[in-house]
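Note that these values count all heavy atoms, side chains included, but never hydrogens, waters or copies made by symmetry. Here is the naming used below: chain letters follow the sequence lines, and residue numbers restart at 1 for every chain.
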Amino acid sequence: MNLERRVRICLESNALSVEETAGDITVTVPAGRLVDSLMALKEHPDLKFDFLSDVIGIDNLDLFRKKKGKGKAAEEEPPEKKVKAPPPPRFEIVYLLLSLESSERLRVKIQVPENDMTVDSVTSIWRAASWPEREIYDLFGINFLGHPDLKRLLMWDGFKGHPLRKDYPLEGKGETRRLVYEQEKIR
Amino acid sequence: MKIQGYGGNGWFITKMEQLINWGRSRSPWPLPYGTACCGIELMATMASGYDIARFGAERPSFSPRQADVLLEAGTITKKMTPVLKRIYDQMAEPKWVIAMGACACTGGVFRTYSTHQGIDSIIPVDIYIPGCPPRPEALLDGLVKLIHKIEKEHPLRKQAQALLQES
Amino acid sequence: MTAESQCRIYPEAINEPEPSGDYVHINIGPSHPAMHGTLRIITTTDGESVINAEPEIGYLHRGVEKLGENLNYTQFIPLTDRLNYCSAAANNVAYEMTVEKLMGLEVPEKAQLIRIILMELARIADHQVCVGILGVDLGAFTPFLYLFIQREEIYEIFEKTNGTRLTNTFGRIGGVDTDLPEDFGPMWNKLRDGIRKANDETDRLLTHNRIFMDRAIGVTPFSAEDALNWGFTGPCLRACGVKRDLRRDEPYYMYDSFQFKIPTGENGDVFDRYMVRMIEMEESVKIIDQAYEMYRQMPEDAPLMARVPKIIKPPAGEVYHAIESPNGELGFFIKSDGTSNPYRIKIRPPCYMIYQAFPELVQGEMIADLIACLSSLNIIAGELDR
């Protein structure tokens with residue numbers, strides 16, 4: 001049985017869509033059911049995705065902008081057909097899973113809308129998610145519920161902004177650190 | 001150092017300044033502050049094969065208090081800038097700085113939000129060594145250039161001027 | 001004889017006093033000889049034993065991922081050099097393989113062999129730095145000097161192939177641009193003997209050295225279960241006793257046709273990590289021997305590049321590919337939107353996952369053992385912070 005069908009059987013209705021690119025399988029699950037889905041994938045005897053490789057954040061803002069630009073011209077022609085669709089979720093988080101037994105890989109994706117940027121932390125399943133989640137909090141500004149120590153990882157404390165968002169300029173907004181002696185607070 | 005013989009054994013005459021410069025230039029003890037890729041080339045320069053000890057810099061002082069030359073090898077990010085400033089301030093006079101590599105000189109390929117574009121906006125730099133990373137020969141050449149620079153300095157003149165200003 | 005009884009000669013001298021509850025904070029780094037320039041650890045200590053050690057990273061965060069979104073696919077290759085700068089060739093190949101997977105390109109066999117040879121050379125160079133620095137941090141300077149003689153020879157081969165010593169922007173998307181140098185055979189013969197001699201010398205200086213054994217055996221052990229939970233890969237995972245190597249488990253290129261052993265440890269302590277690295281160097285030598293034998297049988301005019309369009313525009317989609325880099329699983333995740341620039345590049349550095357388990361690794365150990373543990377993990381700031 002191929003991986004796609006096994007994943008569908010395991011996740012049942014939680015698998016919103018299953019895509020395949022270049023032999024890699026990506027399954028999208030609802031953000032609210034993330035921890036349950038990952039637990040199911042980890043403990044299902046046919047899958048056993050028991051190793052978390054990485055957690056990846058993606059900002060889709062530029063993709064929408066391009067689509068909007070194309071869509072505007074099309075929209076102008078039939079104005080009566082304007083239906084107010086809810087904006088597509090801006091952020092995506094991808095969990096890279098690996099099965100140590102069969103060496104199969106799977107990507108689990110959730111979508112995070114801009115107005116509700118809180119996701120359940122998976123550190124209770126894999127402690128490996130600890131720093132990647134902190135990094136996403138730092139660079140994208142997504143909160144993780146239940147993370148033991150959620151604070152900035154790569155940028156310094158007091159840095160404003162989230163650099164990997166698409167609306168943040170590459171060369172920054174001129175943030176600098178003060179170059180005076182300061183007794184740094186030690187936790 | 002210019003030496004003038006003055007008869008007999010064990011005597012020579014020279015200027016005090018030249019004697020001081022001779023001592024300083026023959027032992028530029030570096031503080032190897034290798035933060036990135038250049039640090040590996042710095043290690044290669046210190047190891048067998050290139051042997052930085054030939055130029056008197058064989059003793060890496062990891063404490064800034066005992067170092068003469070801050071050998072800044074690698075990228076300085078914005079998060080790191082206060083640390084670099086603090087290390088430079090802690091070094092005792094006289095002190096010199098070598099900026100090794102493109103990142104330390106200008107920021108290099110990393111023109112991004114988190115990289116500081118050249119350390120010379122934080123601390124004064126004496127020698128710039130370009131390259132990404134520079135070869136060990138380039139680093140040795142930079143060190144020799146620094147030695148020549150030290151030899152031309154007037155350590156006592158500065159002191160005398162400072163004394164005159166005080167009185 | 002167990003490791004415990006082997007290393008503790010005077011057990012009564014190490015008997016720890018009762019915890020006093022009087023904690024002292026010690027800040028180590030980022031400028032500290034054992035912190036490799038950019039690592040910082042804030043330790044809470046009770047006497048000399050570590051209660052908590054919290055690593056702070058980001059002192060070398062250069063924004064490589066954001067920069068990659070603004071460059072095109074080929075321009076990103078030089079930036080991968082600067083991730084794990086001890087073994088740049090492995091990073092280059094990992095990135096190129098990911099793009100090739102996205103585009104569905106098949107690399108010619110001769111190019112695959114050249115890549116394998118240079119990747120294994122990079123592995124040897126990386127392990128040499130790690131072992132040498134482990135020795136330096138534990139007070140043994142001599143092995144560092146012996147190992148670096150051979151490292152210079154490896155650089156020489158890289159220089160003859162690519163033109164650079166350290167950051168060898170090696171290979172192109174779809175193959176490699178330069179063949180191995182004509183005199184690779186004699187150079188490799190000389191280098192092979194040199195590597196074996198240097199390893200032998202290091203072995204005699206460190207492996208059976210009483211001081212080194214005392215400071216390495218039984219220090220910061222880690223169980224296989226914990227290691228997998230924390231996302232360990234590479235030599236650090238193998239030292240815990242898990243026989244996992246992407247070269248064997250998810251074979252890419254011709255690795256499944258080579259004969260090589262995968263060394264594993266038992267306790268996952270500093271000594272096991274050191275031994276795994278030492279044996280892996282020897283295995284890499286064997287792989288290069290076999291790969292070069294196959295390379296020699298290739299016709300001289302065999303192609304080095306696949307058919308690649310002049311402007312690289314992979315189809316839209318997401319792809320992840322990982323290789324066994326010297327430090328462990330090095331993966332690249334690329335999201336493409338069909339243009340010539342990648343939409344999002346995420347690097348999965350191996351030591352990032354290993355370093356986050358550091359507080360758990362060193363809890364209850366001495367401060368001096370913290371330094372030994374850090375060196376044996378081989379944390380490279382370039383790929384840690386990206």
Side-chain angles (χ1 to χ4, degrees), chain B residues 31-51 53 58 60-64 67 70-88 90 101-103 107-116 131-138, chain C residues 29-40 56-68 70-71 75 78-79 81-88 125-126 128-129 132-133 136 141-142 144-153 155-156 159 164-167 169 380-382 385-386:
Chain B
L31 166 65
Y33 195 49
T35 52
C37 334
C38 293
I40 306 290
E41 283 298 63
L42 179 59
M43 268 154 57
T45 319
M46 295 203 158
S48 37
Y50 290 96
D51 196 9
E58 73 269 43
S61 335
F62 286 105
S63 159
L70 176 61
L71 236 168
E72 212 295 301
T75 321
I76 288 295
T77 56
K78 284 178 183 169
K79 192 172 181 174
M80 189 66 114
T81 46
V83 182
L84 179 69
K85 175 94 172 92
R86 195 164 185 165
I87 284 175
Y88 180 76
Q90 280 180 348
C103 294
V109 285
F110 300 104
R111 196 172 173 84
T112 55
Y113 56 92
S114 58
T115 313
H116 195 86
C132 191
R135 293 182 58 93
E137 290 94 332
Chain C
S31 174
H32 182 274
M35 289 296 136
H36 304 194
T38 46
L39 311 174
R40 180 186 181 193
E56 166 137 18
I57 67 167
Y59 285 100
L60 196 58
H61 177 59
R62 301 179 282 195
V64 172
E65 288 171 2
K66 181 96 178 169
L67 195 54
N70 292 274
L71 300 173
Q75 284 171 331
L79 293 185
D81 289 330
R82 282 135 187 106
L83 295 174
N84 186 344
Y85 29 75
C86 293
S87 55
D126 191 279
Q128 280 178 338
V129 173
I133 294 298
V136 171
F141 197 70
T142 325
F144 169 79
L145 295 174
Y146 282 144
L147 290 168
F148 262 66
I149 299 173
Q150 302 313 319
R151 228 178 111 80
E152 288 295 329
E153 304 269 322
Y155 278 160
E156 210 130 283
E159 206 174 348
T164 47
R165 288 159 52 87
L166 191 69
T167 47
T169 309
I380 308 285
D385 297 345
R386 286 153 287 146

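The two atoms that bring Gly58(C) and Thr77(B) nearest to each other are O-OG1, 4.2 Å, heavy atoms only. Among all heavy-atom pairs drawn from Ile40(B) and Tyr85(C), the shortest one is CG1-CD1, 3.4 Å. The two residues Pro133(B) and Thr167(C) come nearest to each other via the heavy atoms CD-OG1, 3.3 Å. Thr112(B) and Arg62(C) get closest at one heavy-atom pair: OG1-O, 2.7 Å. Across every non-hydrogen atom of Gly63(C) and Ser114(B), the tightest pair is N-OG, 3.5 Å.
Lys79(B) is not listed as a side-chain neighbour of Arg40(C), based on a closest heavy-atom distance of 4.5 Å or more. Side chains of Val109(B) and Pro78(C) form no contact here, defined as non-hydrogen atoms less than 4.5 Å apart.
To the nearest 0.5 angstrom, Met43(B) atom CE is 5.0 Å from Phe144(C) atom CZ. Expressed to the nearest 0.5 Å, how far CG of Leu39(C) lies from OG1 of Thr35(B) amounts to 11.0 Å. Atom OG1 of Thr164(C) sits about 9.5 Å away from atom CZ of Arg135(B), to the nearest 0.5 Å. Summarising the geometry, atom OH belonging to Tyr59(C) is positioned 10.0 Å from atom OG1 belonging to Thr81(B); distances are rounded to the nearest 0.5 Å.
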- [ ] Go through the steps for Leu67(C) and Phe110(B) under the test side-chain contact (heavy atoms from CB on, under 4.5 Å), then give the verdict.
- [x] CA-CA 8 Å; Leu67(C) 195 54; Phe110(B) 300 104; 4.1 Å; yes

Task: Stepwise side-chain contact (heavy atoms from CB on, under 4.5 Å) test for Phe148(C) and Met46(B) - done: CA-CA 10 Å; Phe148(C) 262 66; Met46(B) 295 203 158; over 6 Å; no

Task: Candidate pair Glu41(B) and Tyr155(C), rule side-chain contact (heavy atoms from CB on, under 4.5 Å), full reasoning - done: CA-CA 11 Å; Glu41(B) 283 298 63; Tyr155(C) 278 160; 3.9 Å; yes

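Per-residue heavy-atom pair counts under 4.5 Å with chain C were compared for Thr115(B), Thr75(B), Leu31(B), and the maximum is reached by Thr75(B). Among Ala36(B), Gly34(B), Pro32(B), Ala47(B), the residue with the largest count of heavy-atom pairs under 4.5 Å with chain C is Ala36(B). Considering only heavy-atom pairs separated by less than 4.5 Å from chain C, the leading option among Ala44(B), Cys103(B), Gly39(B), Ala73(B) is Ala44(B).
For Glu156(C), there are no salt bridge (Lys or Arg N to Asp or Glu O under 4.0 Å) partners, not counting sequence neighbours. For Tyr113(B), the side chain to side chain donor-acceptor pair (under 3.5 Å) test picks out His61(C), with sequence neighbours left out.
Within the 4.5 angstrom heavy-atom criterion, only side-chain atoms of Tyr33(B), from C-beta onward, approach chain C. Only the side chain of Ile133(C) comes within less than 4.5 Å of a heavy atom in chain B; its backbone stays farther off. Neither the backbone nor the side chain of Glu153(C) comes within less than 4.5 Å of any heavy atom in chain B. Interface residue Leu79(C): only side-chain heavy atoms are found under 4.5 Å from chain B.
Heavy-atom contacts from other residues, nucleotides or ligands closer than 6.0 Å to OH of Tyr146(C) number 12 or fewer.
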